[in-house]
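Reviewing the structure listed below.
Numbers here simply count residues along the sequence, with the first being 1.
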Amino acid sequence: MENPGGKKVLVVDDSATMRMFLTMTVKKTLGVSVSEAVNGADALAKLQGSDFDLVLTDMVMPEMDGVQLIEHIRASLSKTMPIVMVTTKGEEKDRDNGLSRGANSYITKPVNAHELKETILKLLKG
């Protein structure tokens, strides 16, 4: 799956700059449709109204952080799409916490565009 066109990705980050970077990177390198959310609560509303193939979420956000969002996606919404944590928290305990709550992958900021693309391609392949 070199070009997963037709797939839908939800980018969740409270930083407008990071959302723009992630959105542009994913659209440009993968040709997928991208929607954005400013925090976990906003993401949940979008997830209830639409099906996404993958979620990229920050860990630290106001109102509802990335870990809480993952828990809601997995438990309340029973969604199984891959989730990638994209965060400045690079310590092993933070990574383990995100993965143990249901994230499929974990990328630390600053984000390497090639690593992001390869991670998404691998997860969308199943």
Side-chain angles (χ1 to χ4, degrees):
M1 176 188 278
E2 189 54 39
N3 182 359
K7 300 286 186 180
K8 291 173 61 178
V9 173
L10 179 62
V11 171
V12 188
D13 200 303
D14 58 318
S15 163
T17 304
M18 184 53 65
R19 280 194 318 274
M20 183 172 54
F21 168 78
L22 292 171
T23 296
M24 298 282 283
T25 301
V26 171
K27 276 184 176 179
K28 182 178 158 192
T29 62
L30 298 172
V32 298
S33 172
V34 180
S35 295
E36 298 179 5
V38 298
N39 58 42
D42 186 25
L44 279 182
K46 288 183 164 88
L47 285 163
Q48 289 172 345
S50 185
D51 285 328
F52 289 91
D53 299 292
L54 185 133
V55 174
L56 294 172
T57 184
D58 187 16
M59 182 180 271
V60 180
M61 298 178 288
E63 293 187 50
M64 178 186 292
D65 68 26
V67 172
Q68 292 169 316
L69 172 61
I70 291 169
E71 289 174 337
H72 279 287
I73 290 171
R74 297 298 191 222
S76 303
L77 298 180
S78 299
K79 301 260 187 193
T80 58
M81 85 284 278
I83 301 172
V84 180
M85 300 271 329
V86 182
T87 183
T88 55
K89 294 191 162 277
E91 293 184 30
E92 187 85 20
K93 66 180 175 87
D94 297 313
R95 183 179 190 283
D96 291 345
N97 184 36
L99 294 174
S100 71
R101 303 296 178 98
N104 298 82
S105 191
Y106 194 95
I107 297 175
T108 54
K109 295 176 185 176
V111 175
N112 174 298
H114 179 74
E115 177 188 7
L116 179 65
K117 176 186 173 185
E118 292 304 311
T119 298
I120 291 171
L121 281 174
K122 183 176 89 177
L123 291 171
L124 288 178
K125 282 182 187 175

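- Arg95 pairs by the salt bridge (Lys or Arg N to Asp or Glu O under 4.0 Å) definition with nothing, not counting sequence neighbours.
- Linking Ile, Leu, Val, Met, Phe, Trp and Tyr whenever their side-chain heavy atoms come within less than 4.5 Å puts Val12 and Tyr106 in one cluster.
- With sequence neighbours excluded, the residues forming a side-chain contact (heavy atoms from CB on, under 4.5 Å) with Ala103 are Ile70, Met85, Leu99, listed by chain and number.
- Put simply, the side chain of Lys117 reaches to within 4.5 Å of the side chain of Leu30, judged on heavy atoms.
- Through direct or indirect side-chain contacts shorter than 4.5 Å among Ile, Leu, Val, Met, Phe, Trp and Tyr, Met20 is connected to Met24.
- The hydrophobic cluster containing Val32 does not contain Val55, counting ILVMFWY residues as joined when their side-chain heavy atoms lie under 4.5 angstrom apart, directly or transitively.
- Annotation for Gly40 and Leu69: closest pair O-CD1, 3.6 Å, computed over non-hydrogen atoms.
- Ala41 pairs by the side-chain contact (heavy atoms from CB on, under 4.5 Å) definition with Asn39, Glu63, not counting sequence neighbours.
- The structure places CD of Glu91 at 11.0 Å from CG of Asp96, a figure rounded to the nearest 0.5 Å.
- Within the 4.5 Å cutoff, no side-chain heavy atoms of Met59 are placed close to those of Asp65.
- Here the closest heavy-atom approach between residue Thr25 and residue Ala113 is recorded as CG2-CB, 3.8 Å.
- Note: the hydrophobic cluster containing Ile73 does not contain Leu123 (ILVMFWY, side chain heavy atoms under 4.5 Å, direct or indirect links).
- Residue pairs meeting the salt bridge (Lys or Arg N to Asp or Glu O under 4.0 Å) criterion with at least one member in residues 105-115, sequence neighbours excluded, are Asp13-Lys109, Asp58-Lys109.
- Annotation: side chain to side chain donor-acceptor pair (under 3.5 Å) contacts of Asp42 (sequence neighbours excluded): Lys46.
- Residues passing the side chain to side chain donor-acceptor pair (under 3.5 Å) test with Asn104 are Arg74, sequence neighbours excluded.
- The cluster map of Ile, Leu, Val, Met, Phe, Trp and Tyr, joined by side-chain heavy atoms under 4.5 Å apart, puts Leu47 and Leu54 in different clusters.
- With contacts defined as side-chain heavy-atom distances shorter than 4.5 Å, the pair Leu56/Ile120 qualifies.
- With sequence neighbours excluded, no residue satisfies side chain to side chain donor-acceptor pair (under 3.5 Å) with Asp94.
- Each of Met64 and Val38 belongs to its own hydrophobic cluster when Ile, Leu, Val, Met, Phe, Trp and Tyr are linked at side-chain heavy-atom distances under 4.5 angstrom.
- Lys79 pairs by the salt bridge (Lys or Arg N to Asp or Glu O under 4.0 Å) definition with Asp51, not counting sequence neighbours.
- Once rounded to the nearest 0.5 Å, the distance linking CD of Glu71 with CG of Leu77 reads 12.5 Å.
- To the nearest 0.5 angstrom, Ser50 atom OG is 9.0 Å from Leu10 atom CG.
- Between Asp53 and Met81, the closest side-chain pair of non-hydrogen atoms is not below 4.5 Å.
- For the side chain to side chain donor-acceptor pair (under 3.5 Å) test, residues two or more places apart in sequence or in another chain that qualify with Asn97 are Arg101.
- The closest side-chain heavy-atom distance from Val60 to Lys89 is below 4.5 Å.
- When all heavy atoms of Phe52 and Val9 are compared, the closest pair comes out as CD2-C, 3.7 Å.
- The salt bridge (Lys or Arg N to Asp or Glu O under 4.0 Å) contacts involving residues 28-41 comprise Arg19-Glu36, where partners must be two or more places apart or lie in separate chains.
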